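The shown structure was predicted, so the numbers you read here are calculated from the model rather than taken from an experiment.
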Amino acid sequence: MAAAALATLALVCAVGAWRFTRARWTYRAPHVAIVLWQALGVTWGLAGTGALLGYALEPYDEGVLHGLREFAASSFVGGRGLPQPYELPRIIALVAGITALAVLILVLLAAGAQTFRARHRHRTLLALIAREDPVVPGVRVLDHPGATAYCVPGLRSQVVVSEGALKLLSADELSAVLAHEAAHVRERHDLVLLPFAALRRALPWSRVVKDAQGEVGLLVEMAADDVARRCCSARRLATALLRFGTAGAVPRPARRPGRRQLRRLRDGEGRAPGEPGPPSCRAGSATPSSPSPSS
């Protein structure tokens with residue numbers, strides 16, 4: 001009974017994720033949508049593996065956790081104590097459930113380790129080639145003519161901007177971009193994206209997983225836009241992002257602004273009706289010197 005309920009829950013989560021990728025109300029409330037995506041992902045993973053293990057351990061009538069303990073105890077004594085002879089479908093379900101759970105955990109750990117190593121190498125490289133600039137205090141500046149801006153999150157988070165971006169953007173546009181990147185650092189969007197990247201690695205053939213990863217990536221950009229709009233106008237932010245998209249910029253570790261993101265800024269979505277637009281910021285006032293990421 002528990003296995004059937006968990007299987008139904010996993011199916012509902014899969015259908016919900018498919019429907020969620022086609023929803024458009026999420027663009028009006030990206031923070032809420034991100035939380036719902038995280039809940040869907042965790043519930044689907046636990047329910048899917050739980051359904052397999054629940055079916056495999058059903059003869060013990062002890063649930064998944066206690067059933068695993070009883071199965072391990074009976075295995076050490078040569079199978080004695082089993083409530084009934086184990087059937088082949090239950091053995092297959094047990095192996096599949098344990099394998100699926102192990103794969104999800106290992107892929108998540110591997111993705112986290114790979115990301116940590118990449119950031120460490122990136123920080124080491126930035127320490128050698130980037131510099132401080134009084135125009136943008138707290139931001140690392142790359143001497144490169146291409147326009148780029150991105151964040152390197154972590155315990156020692158950094159926001160990086162190129163010399164080309166400083167020349168390309170006006171003061172208000174630069175403030176909007178820095179506020180956007182600081183929002184990524186402060187809200188730890190890298191941790192939001194990590195499980196979806198790991199799930200994509202575990203299920204590269206799944207169209208739903210691919211769409212979910214892309215949708216969550218777009219939502220974190222919109223969430224950062226909303227934070228940036230608290231001190232910088234949406235028009236300035238949209239103009240700055242559009243300039244990045246048309247400047248022939250150098251490759252950057254963040255996604256390019258898409259049409260949906262720019263249209264949302266242009267139409268003012270995500271702001272409460274009647275809410276006045278924020279005043280413009282001075283360059284440097286939205287730099288990431290204040291955020292203190294938790295990990």
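Both Leu168 and Val136 belong to a single network of hydrophobic side chains, linked directly or stepwise wherever heavy atoms of I, L, V, M, F, W or Y lie under 4.5 Å apart. Val103 and Leu199 fall into different hydrophobic clusters, defined by Ile, Leu, Val, Met, Phe, Trp and Tyr side-chain heavy atoms under 4.5 Å apart, directly or through other members. Met222 is connected to Val220 through a chain of hydrophobic side-chain contacts under 4.5 Å among Ile, Leu, Val, Met, Phe, Trp and Tyr, so both are in one cluster. Side-chain heavy atoms closer than 4.5 Å link hydrophobic residues (I, L, V, M, F, W, Y) into clusters, and following such links, possibly through other members, connects Ile34 to Leu36. Tracing side-chain contacts under 4.5 Å through hydrophobic residues (I, L, V, M, F, W, Y), one never reaches Leu155 starting from Leu194; they form parts of separate clusters.
Formation of a donor-acceptor pair under 3.5 Å by the Arg201 side chain with backbone atoms of Ala197 is not found in this model. At distances below 3.5 Å, at least one donor-acceptor pair connects side-chain atoms of Arg90 with backbone N or O atoms of Tyr55. Proximity of a side-chain donor or acceptor of Arg123 to a complementary backbone N or O of Arg156 within less than 3.5 Å is detected. A donor-acceptor pair is defined here as one N or O able to donate and one able to accept, closer than 3.5 Å; no such pair exists between the side chain of Thr43 and the backbone of Leu40. Remark: the backbone N or O of Gln158 is not paired with any side-chain donor or acceptor of Arg140 at under 3.5 angstrom. A donor-acceptor pair is defined here as one N or O able to donate and one able to accept, closer than 3.5 Å; such a pair exists between the side chain of Ser162 and the backbone of Gly146.
Proximity of Arg229 to Asp226: side-chain heavy atoms (C-beta onward) are separated by under 4.5 Å at one or more points. Between Phe20 and Glu215, the closest side-chain pair of non-hydrogen atoms is not below 4.5 Å. The shortest distance between side-chain heavy atoms of Leu142 and Leu126 falls below 4.5 Å. The shortest distance between side-chain heavy atoms of Val139 and Asp133 does not fall below 4.5 Å. You'll find the side chain of Tyr27 reaches within 4.5 Å of the side chain of Leu218, heavy atoms only. Within the 4.5 Å cutoff, the side chain of Asp190 has no heavy atoms near those of the Thr115 side chain. Using a 4.5 Å heavy-atom threshold, the side chains of Val227 and Arg186 count as touching. Counting only heavy atoms from C-beta outward, the side chains of Leu108 and Leu104 never approach each other to under 4.5 Å.
Using the six-membered ring where Trp is involved, His184 and His189 have ring planes that are perpendicular, over 60° apart on the 30 and 60° scheme. Ring geometry, Tyr150 versus His122: the interplanar angle exceeds 60°, so the pair is classed perpendicular (tilted spans 30 to 60°).
Annotation for Ala111 and Ala198: closest pair CB-CB, 4.1 Å, computed over non-hydrogen atoms. For the residue pair Ala51 and Ala7, the shortest heavy atom distance occurs at CB-N, 3.5 Å. The minimum heavy-atom distance between Gly54 and Ala3, with the atom names listed, is C-CB, 3.7 Å. In terms of heavy-atom proximity, Ala33 sits nearest to Leu219 at CB-CD1, 3.8 Å. Residue Thr148 comes nearest to Ala165 through the heavy atom pair O-CB, 3.7 Å, listed as atom of the first residue, atom of the second, then distance. Across Ala182 and Val159, no two heavy atoms sit closer than the pair N-CG2, 4.3 Å.
Atom SG of Cys151 sits about 8.0 Å away from atom NE2 of His180, to the nearest 0.5 Å. Note that the CG atom of Leu106 and the CG atom of Leu101 stand 9.0 Å from one another [nearest 0.5 Å]. Thr99 contributes atom OG1, which lies 8.5 Å from atom CG of Leu94 (distance to the nearest 0.5 angstrom). Atom CH2 in Trp37 sits 5.5 Å away from atom OG1 in Thr21 (nearest 0.5 Å). Within the model, atoms CG of Leu128 and OG1 of Thr124 stand 7.5 Å from one another, a figure rounded to the nearest 0.5 Å.
The pair Arg207-Asp211 counts as a salt bridge, with a side-chain nitrogen and a carboxylate oxygen less than 4.0 angstrom apart.
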Step-by-step side-chain contact (heavy atoms from CB on, under 4.5 Å) determination, His120 to Arg117: CA-CA 5 Å; His120 179 73; Arg117 289 194 300 267; 5.6 Å; no

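Enclosure of atom CZ in Arg19 is not indicated, since only 12 or fewer non-hydrogen atoms of other residues, nucleotides or ligands lie within 6.0 angstrom.
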